Amino acid sequence: MFNYQKNKKLIYAALMMTLIIILGMLPAIPLGFIAVPIVLQNMGIMMSGSFLGPKYGTISVGGFLLLVMVGLPLLTGGRGGIQVLLGPTGGYMIAWLFVPLLIGISIKKLEQLKLNNFYLEFVFVIIFGVLFVDVSGSIWLSLQSNMPIDSALLSNLIFIPGDLIKAFLTVIISRRLRYKIGVIS
Ligand code: BTN
């Protein structure tokens, strides 16, 4: 039977995956002292969770990572393949898979408790979309390139200002879209 709501959410998940791919077409900013660039693609990952919620957000990010894994050049700079996922930036991408789940569940909980406002949502997007990703990425980077963990964590501080701006824009855009379209689930 045709399930309109379910199909609508799947279409939004596909659109979100497309947005993540488009953000990957914008050039990265390489940093000389660390093998991890500044990218915009992680804003699409944050948006998946806050706009689509845990289930459909994970479908969009999981689908994107699957395409990258089979070798499509969808990561910033036109990269793809298992070897990229196992490279210095692999930890960020593994963390990306869990971001929609964590952000989506937090927003749903806030809604259940009637506590959902811009600031609390922003806090959760920072915790799971920025700090969780940057810490996971640092741990992986440290193991992968034999860098002391404190140096890896310290060098990741360079991402925080930009990632905070991305988190802020994510919450503004997602809240507008969510209340207009109402697809979180
Ligand atoms: C890749 O394309 O290989 C993944 C890049 C991961 C970059 C991380 S995501 C969190 C942090 N913020 C950035 O702008 N860059 C790093």
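Atom set for the values below is all heavy atoms of this structure, side chains included, hydrogens, waters and symmetry mates excluded. Just follow the structure's listing: the first ligand is 1, and inside any ligand the first atom is 1. Predicted model only: the values in this text are computed from it and were never measured.
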Engineer: Under a 3.5 Å distance rule, please check whether Ser142 uses its side chain to pair with a backbone N or O of Ser138 as donor and acceptor.
Structural biologist: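 Checking the backbone N and O of Ser138 against the side chain of Ser142, no donor-acceptor pair under 3.5 Å is found.
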Engineer: How does Met46 reach ligand 1, by side chain, by backbone, by both or by neither, if only non-hydrogen atoms under 4.0 Å count?
Structural biologist: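 It is neither; nothing of Met46 touches ligand 1.
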Engineer: Below 3.5 angstrom, do we get any N/O pair linking Gln41 and ligand 1?
Structural biologist: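 No, there is no polar N/O contact under 3.5 Å.
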Engineer: Under 4.0 Å, heavy-atom basis, I'd like to know which part of Val130 is in contact with ligand 1: side chain, backbone, both or neither.
Structural biologist: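 The answer is neither; Val130 stays 4.0 Å or more away.
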Engineer: On a heavy-atom basis, I'd like to know which of Ala95, Pro37, Gly137, Ala28 is closest to atom 16 (C) of ligand 1.
Structural biologist: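 When every heavy atom of Ala95, Pro37, Gly137, Ala28 is considered, Pro37 comes closest to atom 16 (C) of ligand 1.
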Engineer: Would you call the rings of Phe124 and Phe128 parallel, tilted or perpendicular if under 30° counts as parallel and over 60° as perpendicular?
Structural biologist: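 Rings of Phe124 and Phe128: parallel, under 30°.
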Engineer: So for ligand 1, is Val133 a polar contact partner (N or O within less than 3.5 Å, distance only)?
Structural biologist: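 Between Val133 and ligand 1, no N or O pair is found under 3.5 Å apart.
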Engineer: List every atom of ligand 1 that sits less than 4.0 Å from any heavy atom of Val36, numbering the atoms from 1 in the order shown and giving each element.
Structural biologist: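 With Val36 as reference, the close atoms of ligand 1 come out as 7 (C), 8 (C), 16 (C).
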Engineer: Tell me which pairs pass salt bridge (charged side-chain N to carboxylate O under 4.0 Å, His left out) where either residue lies in residues 21-39, with sequence neighbours left out.
Structural biologist: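 Applying salt bridge (charged side-chain N to carboxylate O under 4.0 Å, His left out) to every pair that reaches into residues 21-39, excluding sequence neighbours, yields nothing.
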Engineer: What is the closest protein heavy atom to atom 13 (C) of ligand 1, and at what distance does it sit?
Structural biologist: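 For atom 13 (C) of ligand 1, the nearest protein heavy atom comes out as Phe159 CD2, 3.4 Å.
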Engineer: How close does the nearest protein non-hydrogen atom get to atom 3 (O) of ligand 1, and which residue and atom is it?
Structural biologist: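 Checking every protein heavy atom, the shortest distance to atom 3 (O) of ligand 1 gives Thr89 OG1, 2.6 Å.
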Engineer: Angle class for the Phe64/Trp96 ring planes (parallel below 30°, perpendicular above 60°, tilted otherwise)?
Structural biologist: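 The arrangement is tilted - the two ring planes meet at 30° to 60°.
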Engineer: Do Leu141 and Ile38 belong to the same hydrophobic cluster, where Ile, Leu, Val, Met, Phe, Trp and Tyr are linked whenever their side-chain heavy atoms lie under 4.5 Å apart, directly or via other members?
Structural biologist: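 Yes.
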Engineer: Exactly one of Leu85, Leu86, Val133 should register a side-chain contact (heavy atoms from CB on, under 4.5 Å) with Met93. Which one does?
Structural biologist: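 Passing option: Leu85.
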Engineer: Can you list the atoms of ligand 1 that are under 4.0 Å from a heavy atom of Met93?
Structural biologist: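 Atoms satisfying the 4.0 Å criterion: 3 (O).
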Engineer: What is the nearest protein non-hydrogen atom to atom 8 (C) of ligand 1, stated with its residue, atom name and distance?
Structural biologist: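 Atom 8 (C) of ligand 1 sits closest to the protein heavy atom Tyr92 CD2, 3.6 Å.
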Engineer: For ligand 1 and Lys166, I'd like to know whether there is a polar contact (N/O to N/O, distance under 3.5 Å).
Structural biologist: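 Looking only at distances, the answer is yes, because the N/O contact criterion of under 3.5 Å is met.
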Engineer: Residue-level breakdown please: for Arg79 versus ligand 1, do any non-hydrogen atoms fall below 4.0 Å on the side chain, on the backbone, on both, or on neither?
Structural biologist: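 The answer is the side chain of Arg79.
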Engineer: Is the CZ atom of Phe33 crowded by more than 12 outside heavy atoms at less than 6.0 Å?
Structural biologist: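 Yes, because the 6.0 Å sphere around CZ of Phe33 holds more than 12 heavy atoms from other groups.
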Engineer: Could you tell me whether the side chains of Ser48 and Ser60 share a donor-acceptor contact shorter than 3.5 Å?
Structural biologist: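 Side-chain D/A pair, Ser48 to Ser60: present.
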Engineer: Tell me which part of Asn42 gets within contact of ligand 1: side chain, backbone, both or neither, using heavy atoms under 4.0 Å.
Structural biologist: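 Contact part for Asn42 vs ligand 1: side chain (C-beta onward).
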Engineer: Considering the options Asp134, Asn156, Asn42, which one meets the side chain to side chain donor-acceptor pair (under 3.5 Å) requirement together with Tyr92?
Structural biologist: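 With Tyr92 as partner, side chain to side chain donor-acceptor pair (under 3.5 Å) holds for just one option, Asn156.
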Engineer: Could you list which atoms of ligand 1 come closer than 4.0 Å to a heavy atom of Asp163?
Structural biologist: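 Answer, ordered by atom number: 10 (C), 11 (C), 12 (N), 13 (C), 14 (O).
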Engineer: Report whether Phe98 and Ile107 are members of the same hydrophobic cluster (ILVMFWY, side-chain heavy atoms less than 4.5 Å apart, transitive linking).
Structural biologist: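 Hydrophobic grouping puts Phe98 with Ile107.
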Engineer: Taking only heavy atoms of Asp134 into account, list the atoms of ligand 1 that are under 4.0 Å away from them.
Structural biologist: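 Selected atoms, number and element: 10 (C), 11 (C).
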